[in-house]
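Take a look at the structure set out below.
FYI, the numbering just counts along the sequence from 1.
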Amino acid sequence: MDQTTITGGAHLARALQAEGITRVFGIPGTHNLEIFAQLSAAGIDIVSPRHEQGAGYMADGAARVTGEVQVIVTTTGPAALNALTALLQSFTDSVPVLLITPGMPLTHPGRGNGLLHEVRNQSAALSAVLTEVMRVTSPGEVSLAVGQTLSAMRSGRIRPAAIEIPLDLIEETGPGTLHPSVARAVPAPVASEIDAAAEAIASSQRPLIIAGAGAHGAGAEVAALAESLGAGIVLSSNAKGLVDDRAETTIGAVGVLELLPELTSDADAVIAIGTELAPSDFWPEPLPLPDTVVRIDIDEVQMLTNATVTHPILAAAKNATAALNEQVSALRTESATAAARNWTAGWKSRAASAMESDGRPWAGLSTALTAFAEADDSPLIVAADSTMACYYGVQTGWKARPGDRFLYPAGAGTLGYGLPAGIGAKLAAPQVRVVAIEGDGGSMFTIPELAAAVQAGVRMSLIVVDNGGYGEIRNEMEDRGDTPSGVKLTGPDFPALAQAMGARGIHVDGADALLAALTEAEAADGPTLIHITEDSRAGADMLG
């Protein structure tokens, strides 16, 4: 395309539009006004959060649902740093979120001079979290930066990234050319590697598949491989919905259960597909693995992490799993499959008992979610928070169907993720049903985003599970022999708070009432906050 002389902000809007970006999440500020003016002129939708961290979580939720790059725009300094926690979450969970932020001017003094929002080296701060950070040096380089950054984000393992535009270049004019992004093709599975892996697992009596979020899009292939082998399937938190939780082969998202190391050490072969095998997903450490480990991943570095891999397959999950299943099916005997099915059934029963025991305080929540999901054919997205109700309760207790999603902040374990992530998910996929779940403590990190949901007309439910404070930390203190301190919180009247922001707000007790409230929320014009109390060890102490 011919050189065009326009402002740096206009180059940005033009490049984003050419890349198919139709929405940004962000808050205007003194240093980015030209960016917002040009985004609006280009017809790009602007979603207004109440905090930059909320913007990051919204973009993260939208990106997890669509698989496409989502963009947040902040102003300089504090705003970019506010977004950095959300970017850390996106980085650890491999989510494609692009931050665009102004930076200090090109000629800004090295030691600073007290300029508004001054950060001595903002790019260095971003680089402490992100591997892909680019600072441009001319208005025309903005287009190149967008093309290069999106090329990196769309190739290989997905990661978030940032582009910093010196604030003096945003309104400065200069020539520039569009540079459309290019994506590197994911390697195809190598036939000899598939053959060797199939030979290694074909006679297994106790095969186990461990699937992570990197396997999304390959659910049918994973299920077919499990059927051929008679293997059990263990899911990471973010892999829920990959396969049917109700299937005979699905042991479940059991990464929090104490029996997990016993299960993995009892297996005689593990097939790990699109998973980091990380401690943030599979809590009991270490995670013992058998002598035969087949691993399918697109990241050659991750391939060597958290496991000694005997059969590495560097390829996309869908193609590699399908190829592996084809070869296994040709080699597998009926007797081996029958033996494996019996082994899987035994572990599925043991895991179900453990999940029921650990998840008892939240059984009504999981029961209501399962019934709500099954009441309609449309997918259900549960945007979760790092709270006991989610990782001990819903992660193990909710029976997800293929196509449902569990958006969980596994890697960084941030608080306040659920509500804004749910907003982003609903905006990106308005045809699906969305339920966010947060604890009373974590909800206060981002509860103002309920006002953003009202303004955007987002129909979704936010379930606040109240145990009177930071329940998990309270329990950890007590287990150490400490006197719990700093964990009991004086909470607001959550339904009234929701109503004050223009949302619906109600309190319910019991699974039936919760199911009715979720159903009613689907007919509302905007968001509904549903407050429930937790009948747990922590709740008994802190709620009285």
Side-chain angles (χ1 to χ4, degrees), residues 25 49 51-67 70 72 82-97 99 129-130 157-160 212-214 216 235-242 253 255-256 274-283 362 365 369 381-396 398 400 404-426 428 434-450 460 462-465 470-473:
F25 302 86
H51 190 279
E52 289 86 6
Q53 191 174 119
Y57 292 150
M58 288 180 192
D60 182 290
R64 293 190 196 217
V65 170
T66 63
Q70 303 292 320
I72 58 177
N82 283 343
L84 196 51
T85 295
L87 290 169
L88 172 63
Q89 188 60 66
S90 298
F91 186 87
T92 57
D93 285 346
S94 299
V95 182
V97 175
L99 166 68
V129 172
L130 308 173
R157 186 176 182 183
I158 294 170
R159 293 291 201 188
H216 276 297
L235 302 168
S236 72
S237 52
N238 280 294
K240 278 186 76 71
L242 174 70
V256 299
T275 172
E276 292 179 309
L277 296 172
S280 55
D281 272 316
F282 304 105
W283 292 8
W362 309 278
L365 172 59
L369 279 175
I381 295 174
V382 175
D385 218 46
S386 187
T387 182
M388 290 189 291
C390 292
Y391 47 75
Y392 293 137
V394 175
Q395 176 176 314
T396 59
W398 166 46
D404 292 340
R405 290 293 299 270
F406 187 64
L407 313 184
Y408 180 70
T414 54
L415 292 179
Y417 172 84
L419 172 59
I423 295 170
K426 184 66 175 181
V434 175
V435 175
I437 305 172
E438 297 185 329
D440 59 301
S443 71
M444 297 305 292
F445 281 53
T446 56
I447 197 70
E449 302 306 346
L450 199 57
M460 61 175 287
L462 167 63
I463 301 173
V464 176
V465 185
Y470 301 122
E472 177 76 297
I473 307 305

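Side-chain atoms of L450 and L419, non-hydrogen and from C-beta on, do get closer than 4.5 Å to each other. Counting heavy atoms from C-beta on, the side chains of T387 and V465 never come closer than 4.5 Å. A 4.5 Å side-chain heavy-atom check between H51 and P448 finds every atom pair outside the cut-off. A heavy-atom distance below 4.5 Å is not found between the side chains of P160 and V95.
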Just do the side-chain contact (heavy atoms from CB on, under 4.5 Å) check on F445 and D385 with the steps written out, would you? CA-CA 11 Å; F445 281 53; D385 218 46; over 6 Å; no

What do the steps show when you test I437 against L369 for side-chain contact (heavy atoms from CB on, under 4.5 Å), and what is the final call? CA-CA 11 Å; I437 305 172; L369 279 175; 3.7 Å; yes

Could you check V394 against K240 for side-chain contact (heavy atoms from CB on, under 4.5 Å), going step by step and ending with a plain yes or no? CA-CA 11 Å; V394 175; K240 278 186 76 71; 5.7 Å; no

Trace of the side-chain contact (heavy atoms from CB on, under 4.5 Å) decision for K426 with I381: CA-CA 9 Å; K426 184 66 175 181; I381 295 174; over 6 Å; no

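Y392 meets the side-chain contact (heavy atoms from CB on, under 4.5 Å) test with V256, W283, W362, M388, E472; sequence neighbours excluded. Here F91 pairs with nothing under the ring-ring contact (aromatic ring centres under 6.0 Å, His included) rule; sequence neighbours left out.
Under a 3.5 Å cut-off, the side chain of T92 and the backbone N or O of A412 do form a donor-acceptor pair.
Minimum interatomic distance between T396 and A253 (heavy atoms only, all atoms of both residues): CG2-O, 3.4 Å. Summarising the geometry of A421 relative to L407, their closest heavy-atom pair is O-CD1, 4.5 Å, with the distance given to 0.1 Å. Listed here is the closest heavy atom pair of A55 and P49: CB-CG, 3.5 Å. Across all non-hydrogen atoms, the minimal contact from A436 to G418 is CB-O, 3.5 Å. Listed here is the closest heavy atom pair of G413 and Q89: N-OE1, 3.3 Å. Heavy-atom minimum distance, A83 versus I72: CB-CD1, 4.0 Å.
Distance check, rounded to the nearest 0.5 Å: CG of L84 to CG of L130 gives 6.5 Å. For the atom pair Q53 CD and E449 CD, the distance stands at 9.0 Å (nearest 0.5 Å). Distance check, rounded to the nearest 0.5 Å: CD of Q395 to OG of S236 gives 8.0 Å. Between C390 atom SG and F406 atom CZ the span is 5.0 Å, to the nearest 0.5 Å. Summarising the geometry, atom CZ belonging to R159 is positioned 12.5 Å from atom CG belonging to L87; distances are rounded to the nearest 0.5 Å. Atom CG of residue L415 and atom CD of residue E438 lie 9.0 Å apart, to the nearest 0.5 angstrom.
Identified under the salt bridge (charged side-chain N to carboxylate O under 4.0 Å, His left out) test for residues 85-95, with sequence neighbours left out: R64-D93.
Aromatic ring pairs are classed by plane angle as parallel below 30°, tilted from 30° to 60° and perpendicular above 60°; the pair Y57 and Y417 is perpendicular.
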